[in-house]
Amino acid sequence: MAQHSSIQALQQQRILLQLEYYAEKEAFRKQTEQTGMMRKVKRGDAWFPLRVGRSYYNSLNQLSLEVFRTADLDVEHNFEYGRPVVFFVARNGANTSGDKAAASHLDPRKSLRYFSFTATVAYADGDRMVVSVPDSAPILELQSSQEQVGCQLSFDETSYRAMFDALDRVISAKENRLAELRELFHRGAAMPVSFREEGQGVRLPWLNPTQEEAVGKVLRAKDVAIVHGPPGTGKTTTLVEAINETLLREPQVLVCAQSNMAVDWISEKLVDRGINVLRLGNPTRVNDKMLSFTYERRFEAHPDYTTLWSIRKAMRELRSQRKRGQGNYHQKMERLKNRATELEIRIQSDLFSQANVIASTLVGADSRLLMGMKFHTLFIDEAAQALEAACWIPLRRVHRVILAGDHCQLPPTVKSIAALKAGLGKTLMERLVENHPEAVTLLRIQYRMNEQIMRFSSDWFYGGKVESAPQIKYRGILDWDYPMEWRDTSEEEERVTDETTNERASLAPRPVHHGKEEFIGSSFGRINKDEAECTLQTLEDYFTKIGKQRILDEQIDVGIISPYRAQVQYLRQLVKKRAFFKPYRSLISINTVDGFQGQERDIILISLVRSNDEGQIGFLRDLRRMNVAITRARMKLIILGDRTTLTRHPFYQRLWDYIESLHE
């Protein structure tokens with residue numbers, strides 16, 4: 001009966017994943033048909049116009065095409081390794097502006113001509129991108145087109161295919177380790193996780209007691225262990241040590257994460273620890289250090305690669321010179337193919353046998369390079385951001401799994417409201433934390449934030465269990481300063497200029513007409529221009545207090561966060577226009593909450609945007625997102641928001657009261 005229920009639960013997940021698939025596909029179709037190209041460019045989902053560069057075969061024998069972005073260079077884009085893209089040309093007279101009046105009589109499908117092939121991003125580096133294209137792709141037409149060429153992200157069928165396949169495999173698994181893990185994960189306390197006795201004596205004096213306990217539990221776990229790492233508690237440090245200790249007992253492990261960025265981060269830390277990492281796929285930051293441990297770079301550095309390259313070249317020349325009736329063409333080609341395959345297998349075997357860690361995204365673990373491979377241990381970093389279906393992709397290759405993350409921070413993205421309400425957003429990590437608390441180690445000492453910034457998050461999300469390390473407990477920038485402030489934008493007062501000194505005077509007694517939020521569109525969300533101005537004025541005042549020389553000498557860095565993309569883009573424009581910020585631009589980052597995941601800054605300002613008479617706060621109700629936002633600051637956190645709108649929600653009322661108590 002229990003087995004039946006675990007299979008039923010996974011079948012239900014498959015149905016919900018199907019809902020999400022159709023919802024995302026339909027949203028993508030609507031966006032493609034109804035959104036103007038310039039809007040897609042501003043969203044970071046398209047490059048237009050672009051310049052098409054050279055084409056070449058890479059070391060993995062994939063036909064590759066170089067493209068360069070020539071407009072909107074300051075817009076952050078969403079192109080990264082593995083994402084599918086489609087190319088198009090804009091016909092004469094095409095409306096690409098996204099202007100509704102113009103678009104009302106113009107069908108974008110008629111104004112843009114899409115090519116029938118799909119390419120895949122190999123890597124994107126600033127304004128240069130390399131994509132892998134099919135051998136049949138009309139590259140010459142793209143390179144010589146007289147019309148403007150562009151490319152946009154396409155719907156990602158590959159990820160869904162991999163997740164559906166993984167769910168099907170685990171549902172049908174019988175009398176093997178995959179079936180055992182399925183029962184363990186879905187039957188709860190009826191089937192406790194098991195631990196070995198050895199490993200209890202591990203001593204790592206450079207870690208704190210809870211980090212050391214987590215590593216010990218990882219080494220003893222026969223089935224599963226969970227490292228729960230609240231903000232600033234050294235989760236990555238702990239995970240690296242756990243992987244290193246595991247490698248003293250096992251020859252090789254598989255390390256995965258939901259995003260390319262998370263894989264990059266853990267891979268870089270492992271390489272710094274002296275561990276041989278083989279990274280499947282390309283990094284989000286393209287530099288020699290990051291590329292040096294990728295499969296592609298290692299492949300072309302292999303001693304046999306020169307011979308393989310010569311054989312592949314001979315094969316291409318033979319194809320291009322092929323004459324009808326040439327009797328020995330097939331024999332020659334077959335000999336060359338066999339020799340090339342033999343060399344490819346040898347190089348691949350060498351690379352995998354030398355690596356201690358194989359690293360990839362969860363979907364990347366479906367790679368044909370891993371076909372037939374098994375590992376004893378799988379580590380999944382940022383596990384709380386991954387759909388359960390994605391976790392089953394690498395799980396079918398392993399005997400046990402270690403999950404690391406924080407289910408009190410960013411959840412996985414689910415676009416179907418129905419699927420979300422029915423439970424698709426519940427991650428494997430959340431399920432295991434509930435069902436098997438004995439497998440969890442909570443890291444309790446944080447090394448990032450001033451105690452007062454950390455305390456609210458610790459009390460609300462972690463039952464008050466997280467404490468500050470003594471050396472950072474009282475860190476701050478200015479004497480007699482409050483580490484946390486909430487600037488109530490519903491009561492902002494106007495600053496006036498003193499005409500005699502031409503300098504801004506202190507707060508004048510005249511209240512400003514308070515600007516409300518504006519709805520920009522479903523893809524960008526909301527904007528509050530008055531609050532954006534107030535945010536930058538607040539930062540300018542704080543910088544003035546600190547002093548220019550000290551900011552530059554100490555490289556005091558700042559993050560400006562808003563949950564809404566429209567507000568982020570508006571704030572970026574304002575910072576560019578303000579002469580005051582010119583010397584500090586390299587020190588100021590402006591991004592969404594998701595964009596700041598895993599990062600920290602000396603000073604953080606959060607523009608909450610929502611301001612309306614109804615007290616509607618939209619997805620600010622997702623408190624895990626706010627937990628990320630308020631825990632990015634090391635020394636100073638300034639929240640800007642309309643108190644009357646926000647404090648109708650108990651979380652924001654409690655946050656307001658907490659900050660007020662610090663000022664008493």
Side-chain angles (χ1 to χ4, degrees), residues 13-48 50 62 65 67 76-90 96 98 107-124 129-134 136-137 142 149-168 258-260 281-282 284 361-367 385-387 389-390 393 412-420 424-425 521-524 565 594:
Q13 276 219 23
R14 199 187 191 289
I15 292 166
L16 297 180
L17 188 64
Q18 197 89 41
L19 273 180
E20 173 71 358
Y21 168 78
Y22 287 128
E24 191 172 344
K25 193 167 188 176
E26 178 61 15
F28 181 80
R29 184 190 66 77
K30 280 185 179 173
Q31 185 203 333
T32 300
E33 293 181 2
Q34 297 170 11
T35 308
M37 186 50 62
M38 288 303 103
R39 175 62 65 91
K40 289 178 195 164
V41 170
K42 294 287 184 196
R43 279 174 53 87
D45 293 338
W47 282 12
F48 178 81
L50 56 77
Q62 299 162 327
L65 182 65
V67 297
E76 284 192 15
H77 60 77
N78 301 315
F79 291 82
E80 63 174 49
Y81 171 78
R83 299 202 67 174
V85 297
V86 289
F87 284 86
F88 60 85
V89 291
T96 56
D107 183 347
R109 288 170 295 183
K110 291 177 184 173
S111 60
L112 300 177
R113 178 171 66 86
Y114 285 87
F115 288 85
S116 58
F117 70 91
T118 300
T120 306
V121 178
Y123 62 81
M129 181 163 62
V130 175
V131 296
S132 301
V133 299
S136 58
L142 281 171
V149 178
C151 71
Q152 71 177 58
L153 289 171
S154 182
F155 180 68
D156 189 0
E157 295 272 0
T158 308
S159 297
Y160 278 102
R161 266 202 307 272
M163 286 191 283
F164 285 128
D165 178 57
L167 284 176
D168 290 340
Q258 169 66 17
S259 68
N260 277 298
N282 279 321
T284 49
T361 59
L362 293 165
V363 172
D366 198 42
S367 168
Q385 283 186 263
L387 291 175
I393 297 170
T413 302
V414 177
K415 293 183 178 171
S416 165
I417 303 299
L420 185 64
L424 185 63
S522 57
S523 55
F524 281 81
R565 195 185 306 191
D594 299 54

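Values below: all heavy atoms of this structure, side chains included; hydrogens, waters and symmetry mates excluded.
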Output for pair (R113 CZ, F87 CZ), nearest 0.5 Å, gives 13.0 Å

Practice prompt. Before giving the answer on side-chain contact (heavy atoms from CB on, under 4.5 Å), spell out for F155 and R29 the whole-Å C-alpha distance, their side-chain angles and the decisive distance to 0.1 Å.
Written response: CA-CA 9 Å; F155 180 68; R29 184 190 66 77; over 6 Å; no

Here the salt bridge (Lys or Arg N to Asp or Glu O under 4.0 Å) pairs for residues 150-160, sequence neighbours left out, are K25-E157

Nearest heavy-atom contact between A389 and L17 is CB-CD2, 4.0 Å

Looking only at heavy atoms, the pair that brings T284 and E80 closest together is CG2-OE1, 4.1 Å

With side chains defined as the heavy atoms from C-beta onward, is the minimum distance between S111 and M37 less than 4.5 Å?
no

Rounding to 0.5 Å, atoms CG (D45) and OG (S154) come to a distance of 11.5 Å

Rounded to the nearest 0.5 Å, the CG atom of L19 sits from the CG atom of L424 at a distance of 8.5 Å

Has R83 got a side-chain atom pairing as donor or acceptor with L153's backbone, closer than 3.5 angstrom?
no

CE of M163 to CD of Q13, rounded to nearest 0.5 Å, is 10.5 Å

| said: Closer than 4.0 angstrom, basic N to acidic O: yes or no for D168 and R14? | reply: yes

CG of L420 to NZ of K415, rounded to nearest 0.5 Å, is 13.0 Å

Report task. Test D366 against T158 for side-chain contact (heavy atoms from CB on, under 4.5 Å), laying out the working first. Result -> CA-CA 10 Å; D366 198 42; T158 308; over 6 Å; no

Checking R39 against Q31 for the side-chain contact (heavy atoms from CB on, under 4.5 Å) test, could you report, in this order, the C-alpha distance in whole Å, the side-chain angles of both residues, the deciding distance, and whether it holds?
CA-CA 10 Å; R39 175 62 65 91; Q31 185 203 333; over 6 Å; no

Correct closest heavy-atom pair for E20 and A419 would be N-CB, 4.5 Å

Taken in chain and number order and not counting sequence neighbours, the residues that satisfy ring pair (Phe, Tyr, Trp, His ring centres under 6.0 Å) with Y81 are none

Indicate yes or no: at least one non-hydrogen side-chain atom of L387 is less than 4.5 angstrom from one of L362.
no

Between the CD atom in Q385 and the CD atom in Q258, the distance rounded to the nearest 0.5 Å is 7.5 Å

Geometric class of the F88/Y114 ring pair [parallel <30°, tilted 30-60°, perpendicular >60°]: tilted

Practice problem: Could you go through the side-chain contact (heavy atoms from CB on, under 4.5 Å) check for M38 and F48 one step at a time? | Solution: CA-CA 8 Å; M38 288 303 103; F48 178 81; 3.2 Å; yes

- Got more than 12 heavy atoms from elsewhere within 6.0 Å of OH, Y22? no

Donor-acceptor pair, distance only, cut-off 3.5 Å: does the side chain of N282 make one with the backbone of A124? no

